[in-house]
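Contents: one structure, followed by commentary.
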Amino acid sequence: MTDGHGTFAISEDTSLWDSDEAPVVRSRPYGKSATVADWGLELILRWIHDATCKVDLVAGLDAALEAFDHFDDHEHDREIQGGAVDAILESLVIVLQDFDDEEEDDDDNDNVKSKTMEQIISSFKSAEMFSRQESFLSVAQDPAEQEVGRSEVIAKCVSALEMLHRCSFSMLSTSFQHNLKPLLPMLLQIISEFSFRMIEDDWAYHCVYNAVEVLRYFTSISPEAHRFMGGHHAYFDTLTNLLDVADSISGPLDEVNGIFREVLIIFGTFPLVDRMYNHPFLFHKIIEKIGNNSKVSDPVREAAVKFFDAMASSSRGRLAMPQKLARNAELISFITTVMLDERTDNEEANWVRCKAVKLAHKLCIPKDNADILFYFQLQDTGDNKDEVDHTGEEEKEKKEPREEMKGENDSHTNSEEKSGTDEEPGDFVRALIQLVIDGSESFSAACALCHLAGNLFAAKTEFSRNPILLDTMSKMALSNPNVVAAAEAVQKVLPITPYPLFRSLVLLLSLEPQQDIVAGRSIESNDLPNTLCLQIAINSINDRLQESIEIRRTIAMDECMIMIISKAAKSADTYGSKNMPKISAAASAAIKHLSTIEEGKEKLLDDPDTVSALAKVIHLSEVKLNTSSHMKQFHEASANATCAICNLAVDDDSNEQIFVALNGESSLKKDKKHRQWRICSCRSKLCHKMRRVIYPDPAQDKQ
């Protein structure tokens, strides 16, 4: 974790040594600890390097811990350059080989340890190191030596390594390149050996905690560095097995929760996180040991949700992973339970719920997930003792959100609607509705509901019968800070909204892009996601216009809607080359539909921008047809504008207006007959142009 200046700070979960029998090794406040200059780096390293027994080594390590316990990254750089990491690694290798210690090792880990140690020893082979190892073994039976536990020495070695790697980013990268090969197997072995003893043994706890911290420092260097570490055969298995300890912790205040959180952060930042879905145990253990375990703390559960969110957001397939995750009943149960957590006054619980709702939103985007999520119900099993149960809600309370949002027209649903809603929405949807009502991360919950409404007929019918809910979730979705996510969600619900709500949403969608047009900025579509909002607004208007003549009359009498359409057609080129053809085609199509009714003709001709907008579409199309890759959109825009102009040319005044718009005012002749001839000629050319668009093959045109 960096502090913004390339330095690495120790985790917030750093805890004190609670054992009265062990010396205290704790982080001191910045500025109060001793420095290497006070002790002398050379003296400390010589003390460690020349130690021939555990007593002497512990004394040297105590001095090193006192000297290295600070947050001056430049000082840590000098310590590493002076050989501090090399000296501690050599001592750590010797201690890790001390299998004759009075502490027994697990039989399951012996083979792994022996193979790991063979790899490590091969990189540290020297006559001097073997001589030190013989010295350690020769005094192993001394009473003073036996009082110093192996776990104590290892804990102090790893604590010193953690302190040294609070260095600058460049020095951390250098240490990664030079020390990872021997250090990574040692850290994994330490975690594997001491993980199941850290509940009762303080030294074992600090062995595991500091080993995980060093791993986290290295994973933060770059995605490539983390991917390289993930290639070690024991990397994920060792960290995954560490989660098994969660069953043995005392509760949310147990300091071991900090280790679980760091491990989950490491998992969530792995660059190929989506591949971890196929790990034989990892996915299940995170849900069972962390998600459904009431003993773990809320920050740990938040890290678990963020891991699943990172998996769902994998750049190697935006919809592939959400579709897989939605089919995992354990995960959906975990997310639903978190969203139903009623501890709204608990800040940590609110953060967990916030992350869970964002994940739920992503899972609702794929169409194939809608049926699974809409009807999902929590399973009430008596043997799930460790499942988190913070809600304690009665069955009557479970139906409150739906009853509160219920419209007055429930009894007027037809048989088709009833056939699609034989079953009530499940707990997953109920949780999302409750979050929209309560205002807790409501924009993500509203976006999720909008996607469900657009992807499933039963959800569409259910929300259509609840106009208050439909109004609330639609407008709430637009408050999402992610403009693209908001636009995509509202697009799903626009077809089922009544006209007053439809009009409000369209005005909101078209608001921000219009501000950029007024400012006169030329904006590429990739630089301004809000252009997607306007495109969705125009497309929605166009779809509504095709529903019935009555809808066309309603929109034709709405000056705001006419203004939005006209400005979208006229100013389409300000959005850049990528969005302009789509917006232009949709806007000209909307004008064409309005020009087919008398009310629409009157309103369009009353607006001076309408005809000029159509003329501009035709001129832009002629310019762009030979230079753009969006040939289809330009043809479509030109054809629609041509049809609209032909529909609007109904008398001398409108003909003159159209002629001026197409040819310029200076070309207008005073002679009325000549003017009428030019209008007819212009009209004929436009119709001929439209025929060429519809029938590009001359043979078809003759037919």
Side-chain angles (χ1 to χ4, degrees), residues 272-279 283-284 286-287 291 305 307-339 355-379 416-433 435-436 443-464 469-470 473-474 477 480 482 484-497 532 536 539-540 543:
L272 301 178
V273 64
D274 56 317
R275 292 187 179 180
M276 299 169 70
Y277 179 83
N278 298 320
H279 190 280
F283 197 92
H284 174 72
I286 292 179
I287 297 176
V305 177
F307 164 74
F308 295 124
D309 184 74
M311 187 175 287
S313 306
S314 174
S315 59
R316 300 186 330 118
R318 181 171 176 238
L319 298 182
M321 280 312 303
Q323 289 173 344
K324 292 181 180 179
L325 295 176
R327 282 154 179 75
N328 190 301
E330 289 182 316
L331 176 60
I332 305 304
S333 177
F334 168 50
I335 297 172
T336 305
T337 303
V338 171
M339 292 192 297
K355 303 301 181 184
V357 178
K358 289 183 178 180
L359 175 57
H361 171 205
K362 294 176 182 177
L363 297 182
C364 290
I365 293 176
K367 188 173 183 179
D368 294 340
N369 293 353
D371 188 65
I372 299 173
L373 299 177
F374 185 75
Y375 295 113
F376 182 83
Q377 294 280 4
L378 289 174
Q379 299 298 322
E416 182 182 358
E417 290 175 328
K418 291 181 180 179
S419 64
T421 57
D422 290 339
E423 300 180 37
E424 293 291 327
D427 292 328
F428 183 85
V429 173
R430 181 175 60 84
L432 292 174
I433 294 175
L435 290 170
V436 171
F443 54 83
S444 293
C447 288
L449 292 174
C450 289
H451 280 286
L452 290 177
N455 294 335
L456 187 67
F457 176 77
K460 181 189 302 184
T461 305
E462 177 70 22
F463 298 146
S464 298
L469 171 61
L470 187 61
M473 74 185 201
S474 302
N480 194 326
N482 187 329
V484 174
E488 290 177 345
V490 174
Q491 182 182 18
K492 293 293 186 71
V493 80
L494 276 172
I496 65 174
T497 55
L532 175 64
I536 290 174
N539 287 337
S540 300
D543 292 340

> What are the two closest non-hydrogen atoms of Gly426 and Gln377, and how far apart are they?
Replying inline: CA-NE2, 3.5 Å
>> Could you check whether any side-chain N or O of Asn455 sits under 3.5 Å from a backbone N or O of His451, counting only pairs where one atom can act as donor and the other as acceptor?
In response: yes
> Would you call Cys364 and Leu373 a side-chain contact if the rule is heavy atoms closer than 4.5 Å?
Replying inline: yes
> What's the spacing between Phe307 CZ and Phe283 CZ if we round to 0.5 Å?
Replying inline: 7.0 Å
> Which heavy atom of Asn480 sits nearest a heavy atom of Ala486, and at what distance?
Replying inline: CB-CB, 3.9 Å
> Is a side-chain donor or acceptor of Asp427 paired with a backbone partner of Leu378 at a separation under 3.5 angstrom?
Replying inline: yes
>> Show the nearest heavy-atom pair for residues Ser540 and Leu494, with the distance to one decimal.
In response: OG-CD1, 3.0 Å
> Which residues pass the side chain to side chain donor-acceptor pair (under 3.5 Å) test with His361, sequence neighbours left out?
Replying inline: none
>> Quick check against the 3.5 Å criterion: does Ser333 have a side-chain atom that pairs as donor or acceptor with the backbone of Ala329?
In response: no
> Can you tell me how far CZ of Phe463 sits from OG1 of Thr497, rounded to the nearest 0.5 angstrom?
Replying inline: 14.0 Å
> Looking only at heavy atoms, which two atoms of Val273 and Ala310 are closest? And how far apart?
Replying inline: CG1-O, 3.6 Å
> Where is the tightest heavy-atom contact between Ala312 and Leu325, given as atom of each residue plus distance?
Replying inline: CB-CD1, 3.7 Å
>> If I compare all heavy atoms of Tyr277 with all of Lys324, which pair ends up nearest, and what's the gap?
In response: OH-O, 3.5 Å
> Is there a donor-acceptor pair closer than 3.5 Å between any side-chain N or O of Asn369 and the backbone N or O of Pro322?
Replying inline: yes
